[in-house]
Amino acid sequence: MNVMIVEDETIMRLALSTLIDWESNGFRIVYEASNGYQALQYIKENREIDIVITDLKMPVMDGLELIDELNQFIGTSPHVVILSAYDDFEFVRKAFKRGVNDYILKSEMDPNVVLNLLNRIKHDFEVEQTMSRQSREIRNGEQVRLKQQTIREWLEIGVSPQSEPSILEDLNMRLEWNSITVSMIRVEGFAEVQDRYGSSIGEFVSSVVKSIDQVLTEVGTGEVISCNPYEYVVVLSFQTSSLMHVRQRISQIMNQIIFVLKEYINIGVTIGVSELCEEVKQIPAYYLQARKNADLRFVINKHRIIYPEDARHFLKQSGETLIGKEKALLDALKEGKEQSVLQELDKMFTLIKRSASMGNEVLRTRYMELLMILVKFMYDNGFVNNQEMNKIEDVYRMAWQIDSAAHLQARISSLVQQLLQEMDKKAGQMNRVVAVAQAFIMEHYDEDITLRKVSEIVHLSESHFSTLFSKAVGETFKEFVTKVRMEKAMESMKKEPYLKIYEIAERTGYASTEHFSRVFKKVTGVSPNQFMKTVSK
């Protein structure tokens, strides 16, 4: 199938064109345009384009205008896939209303995800002529995708005050604006699931979502989305605010979900349930509560439903909880200073021992909490992956069997030592990332260098790369780029004093001579003219 890429950023076009082996997978990039107008002119003259991958925000003609023009074509028009960022939600929604039903997040351009999307388009194209219009609309699933993106938006940043109540009806959601609960469903033994499905893990995710959605359809309330292959979120709403009735309904629904997933997909799950949310703007907080309750699977028990009162009862009965007292330990771990980490770990051990008078089981539970804190840090910071989680769970099982607090402390200390070693190893890898970024800046200082561009080159998010760069170099990304440019400018002034100020500005990546002069004076304390007079003497 013939593919066109429409993107005003050169580096993004390059990233897309090199992301996968297009030819061997049955696709051919026949044209790259930097705006919608260029793309439209080419398509008018070359109607063999099958797929258009387009950005939404572009000069001259943006993605939405291009889509409108393509919709005017008589006969078959190209299949449009939009490139979007997290903050493009309203643009994406408008695109979906124009008939687009596929999108790629710029921050998550995984080769397998993009290839799966293209193959699905190819398959749909091959069977399209035999499908009725109604079947195509169902298959495209544009409403489902927009619904899922909307729910993700609610969970991450909350429901916008501007959101109209009609959005629930427009997207055919089985939800009301009041009496909402959020539940986090965690798949247990996910490493075995990965072994079972291999590269077809997408089929597993689809099966889980469809199974849960079938239950929600039967009960007439709720929506489900997949966070990742081992985590799923269910949002429920009820027409009554009676806690007793709501709890009974939640229990029935969640137990039905557990049964269906075990019966038809052969997986066990643990479910964390939030409190009843009366205001939709509080959804992100209740989503976090559901996630935290699901986290307690490590210290309460797996394969069960953990309600808010279960979490409160557990913490109340377990003496002085460590939850909320882990900040100093986590800060020391983030800094990677071994001595500080071990000191804070000893403080946690001392705090745990205060629960000894409450019995061995309570004491053991405190150690389990500490393990949970450490493992969560490891997982959140990329020191353990899904396949290694089984090994971590072995540590938990082992911890329940050890009959000596001293032996248990020794095992936990050993785990921390392994973590510190892994952090040292990762720090070395990160230093190499910073070195690559610095080398790129030194070579391309005369170009338009942005944090976004360089973070994409080193395959990190902007925020992660910015933090990493500042910590390693001792100055911000912008400060480093400015320093390099000023050093190059002063070097040019010394070697070629006959150059004009605007020429030096252009050589060092500044389109505006006035801007260059302001930055130069701020960095050196003198204007470019004053500096040139000094070096020319």
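Quantities reported herein were computed from a predicted structural model and do not represent experimental measurements.
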So [Y] and [X], do their side chains get closer than 4.5 Å, heavy atoms only?
X      : Y      : answer
Tyr232 : Ser211 : no
Asp213 : Arg174 : yes
Arg93  : Gln149 : no
Glu9   : Arg452 : yes
Val519 : Arg485 : no
Val235 : Ile225 : no
Val215 : Val224 : no
Glu7   : Ile53  : no

Between [X] and [Y] (salt bridge meaning N to carboxylate O under 4.0 Å), is one present in this structure?
X      : Y      : answer
Lys94  : Asp68  : no
Glu231 : Arg291 : yes
Asp55  : Lys106 : yes
Glu479 : Lys483 : no
Glu447 : Lys453 : no

Note to self: Restricting to side-chain hydrogen bond (donor to acceptor under 3.5 Å, both in side chains), what partner residues turn up for Arg518, sequence neighbours left out?
What the structure shows: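 With sequence neighbours excluded, Arg518 shows a side-chain hydrogen bond (donor to acceptor under 3.5 Å, both in side chains) to no residue whatsoever.
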Next item on the list: Kindly write out the residues that satisfy side-chain hydrogen bond (donor to acceptor under 3.5 Å, both in side chains) with Gln38, not counting sequence neighbours, or none if the list is empty.
Entry: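 Residues passing side-chain hydrogen bond (donor to acceptor under 3.5 Å, both in side chains) with Gln38: Ser34.
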Gap separating the [atom1] atom of [X] from the [atom2] atom of [Y], nearest 0.5 angstrom:
X      : Y      : atom1 : atom2 : answer
Lys97  : Leu64  : NZ    : CG    : 12.0 Å
Met4   : Leu40  : CE    : CG    : 9.0 Å
Glu32  : Leu16  : CD    : CG    : 8.5 Å
Met184 : Ser274 : CE    : OG    : 11.0 Å
Lys488 : Ile504 : NZ    : CD1   : 14.0 Å
Tyr264 : Lys210 : OH    : NZ    : 15.5 Å

Any side-chain to backbone donor/acceptor pair from [X] onto [Y]? Under 3.5 Å, distance only.
X      : Y      : answer
Asp102 : Val81  : no
Asn2   : Glu48  : yes
Ser84  : Leu105 : no
Asn25  : Ile20  : no
Ser17  : Leu14  : yes
Ser206 : Gly202 : no
Glu65  : Asp62  : yes
Ser512 : His515 : yes

Contact summary for [X] and [Y], nearest pair of heavy atoms:
X      : Y      : value
Asn35  : Met58  : CA-SD, 3.9 Å
Gly36  : Leu66  : O-CD1, 3.7 Å
Ile283 : Trp154 : CG2-O, 3.8 Å
Ala39  : Ala33  : N-CB, 3.7 Å
Ile271 : Ser183 : CG2-CB, 4.0 Å
Ile201 : Pro229 : CG1-CB, 4.1 Å

Notebook entry, point to check: Checking side-chain contact (heavy atoms from CB on, under 4.5 Å) for the pair Val481/Tyr445: CA distance, chi angles, key distance, verdict?
Noted result: CA-CA 7 Å; Val481 173; Tyr445 64 88; over 6 Å; no
Next item on the list: Tell me, yes or no, whether the heavy-atom count around Arg196 atom CZ, taken from other residues, nucleotides or ligands under 6.0 Å, exceeds 12.
Entry: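 Atom CZ in Arg196 is packed in, count exceeds 12.
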Next item on the list: Evaluate whether atom NZ of Lys122 has more than 12 neighbouring non-hydrogen atoms of other residues, nucleotides or ligands under 6.0 angstrom away.
Entry: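 Yes - once you tally the heavy atoms of other residues, nucleotides and ligands closer than 6.0 Å, there are more than 12.
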Residues that [X] engages under ring pair (Phe, Tyr, Trp, His ring centres under 6.0 Å), provided they are two or more places apart:
X      : value
Phe516 : Tyr510, Phe520
Phe204 : Tyr197
Phe440 : His444
Tyr42  : Tyr31

Next item on the list: Start with the C-alpha distance between Val260 and Gln214, add both sets of side-chain angles, then the distance that settles side-chain contact (heavy atoms from CB on, under 4.5 Å), and finish with yes or no.
Entry: CA-CA 9 Å; Val260 167; Gln214 182 178 349; 5.7 Å; no
Margin query: Is there a side-chain contact (heavy atoms from CB on, under 4.5 Å) between Ile457 and Ile11? Walk through the geometry before answering.
Written below: CA-CA 9 Å; Ile457 289 172; Ile11 193 166; 3.7 Å; yes
Next item on the list: In sequence, state the C-alpha distance, the side-chain angles, and the governing distance for Leu175 and Ile180, and then conclude on side-chain contact (heavy atoms from CB on, under 4.5 Å).
Entry: CA-CA 8 Å; Leu175 290 173; Ile180 295 172; 5.8 Å; no
